[in-house]
Every structure is written in C-alpha cells, then in structure tokens.
Amino acid sequence: MPPLPRAIPSSSPAPGTRAASPKAFPGRIAALAGRPLARCRRLAAGLMLAALGAGLAPPLLADEAASRVVTIPTRPGVGEKILYRTVPGAKATLVLLAGGHGGLQLADDGAMKWGSGNFLVRSRERFAARGFNVAVLDAPSDRQSWPFLEGFRQTPEHAADVAALIAWLRRDNGLPVWLVGTSRGTQSAAYAATRLAPAQGPDGLVLTSTILTDTRNWPVPSMALDTLAIPVLVVHHRYDGCKLCNPAELPRLMERLGHPGGAPRELVLMESGTSQGDPCEARAYHGFNGIEDETVAAIAAWIDANGAPRTKAEVSASPR
C-alpha cells in the first residue's frame, strides 16, 4: 500500500491536541471506558429532541418524483450521476456516500441496480424531510463495472470527482455542502475532505459507521484528520459488530480529529434497533436498522447547530 499523503503516524496525537480520554470527551466515549452510557444517551436524546420539536418526527416526503438524476462533468471525458433531491428553503446540501463497492448504477429514472437498502440511500427522504437538499452519489462513468469504487476511493481522481460535484452544487443553490459517508463511504468522504483545499472541499463532514481498521486501504483514523478545520460529526452504533468498525477503536478516531481552529467535533453513540444478517451489512446495527428516524434526527440537529451558512463571497470564490 503506497504511503498516505500528509498522514501522521497512527500512534501520535494530532499536533496541539490532547489524547482522547473519557475526561476529554465527557459523556461521548464513556461506554468505551467501561462507564455508564447515561450521559451519552442524554446527548443523543437532546439532539433528537431539538430536531423533533414537539416529539413527533416530520412526515417523510414520499414524492420520489421530486428527485432527478443529474450527470456532473468531472474529469476529462468522465461524468458522475447523482440522484438529486431539492426542497424549498433548504438549509444545506448533503452528499450521501454509500458504503460497499459504491456502484449504484443509477438509471435515468432514478432506479438503482445496487445499494437501495444502504442506510444513507434508504434514508434520503428522511434528510429531505428535515430541510436538506440531498445528492446521492454514484460511481463515475469510468467505474460503472466491477470493482466500481473498490481501490478507487482514496485516489486523486476520486477526490477530483467529489470536488467537481461540490462546486456544481454550490453553483446550483449557493448552500453549504456537507459530505455524509457511511461504512466504506466514510473512506471516500474523509479522503476527499483531507485532500481538497478549503475552497474546494466540503463545509462539514459526517461519518457514520466509520471504517476504523483496514488492511487493504487506509482506515479513516490513519488519514490527515488534523488538517480539517470544518465541523465533524461521528455517529456510531454502540453494538456495531463489523470487524472493521469496532467501537473500541473510536477513541483513536476522536484523538486524531482533535479540534483544529476550534472546529466542533462530536461523537454520538446510537443504541437499540435490530441486527439481521451480516454484521457489516445495511440491516445490522452497522446500518442503524430500525432506528433510522432517530439517527437522521441526531445528524440533522447537529448540522443545524454547527453548520455556518456560506456567504455570497465564499460561493463566488468557489472553483467554477
């Protein structure tokens, strides 16, 4: 495996930060230190209550006809499709990055050959119902067959594709753009965020069911996370049984994130739900099965609380 650009040794804390500990992140990694989860539950509950208002989740926006497939030119001769959903008065645009091989194989009518059950993909209308534009990202046109995004997620070409999409979305609506990845999608989201210049990169980052260890590719904690000066939210299931996403590795991830420039970081541990089948698949705890509403509510509330709107000057300065 080639050396990771700008990475720092996994055993070293990010410069200028303290190593993660229960005291450094009170109530957020308490379960991992053998302490009660009460404070962590209160954190997640507070985020969800803020999002739900009177305690009732907003109705799902079931009008799938409002979604459209758009092909974005990226590299020379290459484009990538997104399933794009806009809502009136949107607060931000979320780019949803599925896990696995990432090859949705979107048809022009929005049908997918793969990935419709992925946590983020199946939750896209939940995000729209909470006031976010949503762009579900497919593999690019030169990666529309096996192995799709496998072996490609951590390449300059993939980062360039994501940069082109971010620029297009900013021109389209002038809103902040957040990358939201799940499972293998966190490797795409974190890699792009750490590789791109601030003007080209996302306004915020959400990592769900993060890849914490990996022998084939760079796990997220091994990336140059200390360079990120944007808000970062980490959402994980306390009982995630996927061997690449062991919750015991979360303190290392939070340590590597640090707090550059005071940018907010948060770890939210979800509980309950049901786990079925392969522990690394979408219907296990890994995919927040049965608690999609609560998980999306927590994410939406955190973005609302920590996302700063882009100014017209910032939008104008974005690469064309």
Side-chain angles (χ1 to χ4, degrees), residues 1-2 4-5 64 67-85 94-124 134-169 177 179-196 200 202 207-211 213-220 223 242-245 277-284 286-287:
M1 192 162 51
L4 175 66
E64 289 290 348
S67 298
R68 56 193 173 102
V69 174
V70 181
T71 300
I72 311 298
T74 57
R75 293 165 281 126
V78 176
E80 57 185 355
K81 289 182 177 181
I82 58 170
L83 184 60
Y84 191 34
R85 174 78 153 95
L94 308 183
V95 177
L96 305 183
L97 299 157
H101 60 59
L104 304 179
Q105 304 158 79
L106 278 170
D108 290 340
D109 64 357
M112 304 174 197
K113 291 185 178 180
W114 177 91
S116 61
N118 173 268
F119 162 61
L120 291 178
V121 177
R122 72 177 187 263
S123 298
R124 62 191 183 275
V134 175
V136 180
L137 182 62
D138 196 0
S141 58
D142 60 348
R143 306 285 300 188
Q144 280 294 304
S145 61
W146 183 261
F148 300 101
L149 294 183
E150 288 194 8
F152 183 75
R153 291 186 184 273
Q154 296 163 326
T155 63
E157 292 80 9
H158 188 43
D161 291 343
V162 174
L165 173 58
I166 291 172
W168 186 90
L169 290 169
V177 178
L179 298 182
V180 185
T182 197
S183 195
R184 290 281 182 194
T186 62
Q187 292 175 301
S188 288
Y191 182 82
T194 56
R195 288 282 294 179
L196 298 175
Q200 296 177 306
L207 304 172
T208 72
S209 302
T210 303
I211 299 295
T213 57
D214 193 355
T215 58
R216 293 187 300 165
N217 303 283
W218 297 304
V220 173
M223 299 184 197
C242 184
K243 63 182 181 180
L244 304 181
C245 308
D278 189 322
C280 292
E281 291 295 335
R283 296 298 177 179
H286 182 72

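- Ion pairing between a basic and an acidic side chain is recognised when a charged N comes within 4.0 Å of a carboxylate O; D214 and R184 show such pairing.
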_From CA spacing to verdict: side-chain contact (heavy atoms from CB on, under 4.5 Å), L169, Y84_ = CA-CA 10 Å; L169 290 169; Y84 191 34; 3.6 Å; yes
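- We find the NZ-CE distance between K81 and M112 to be 12.0 Å, quoted to the nearest 0.5 Å.
- The distance from atom OG1 of T71 to atom CH2 of W168, rounded to the nearest 0.5 Å, is 10.0 Å.
- For D161, the salt bridge (Lys or Arg N to Asp or Glu O under 4.0 Å) partners are R75, not counting sequence neighbours.
- Of the residues listed (T182, V134, L94, L137), the one engaging L120 in a side chain to side chain contact (heavy atoms under 4.5 Å, CB included) is T182, and it is the only one.
- Taking CG of L96 as the reference point, atom OG of S123 lies at 8.5 Å (rounded to 0.5 Å).
- Interatomic distance, C242 SG to E281 CD, rounded to the nearest 0.5 Å: 8.5 Å.
- Distance OG1/T74 to CG/L165: 9.5 Å, rounded to 0.5 Å.
- Checked by atom type and distance alone, the side chain of R122 pairs as donor or acceptor with a backbone atom of G117 at under 3.5 Å.
- Within the model, atoms CG of L106 and OG of S67 stand 10.5 Å from one another, a figure rounded to the nearest 0.5 Å.
- Between W146 and H101, the ring-plane angle classifies as perpendicular under the 30° and 60° cut-offs.
- Qualifying ring pair (Phe, Tyr, Trp, His ring centres under 6.0 Å) partners for H286, counting only residues two or more places apart in sequence or in other chains: none.
- Looking only at side-chain heavy atoms (C-beta outward), H158 and S188 come within less than 4.5 Å of each other.
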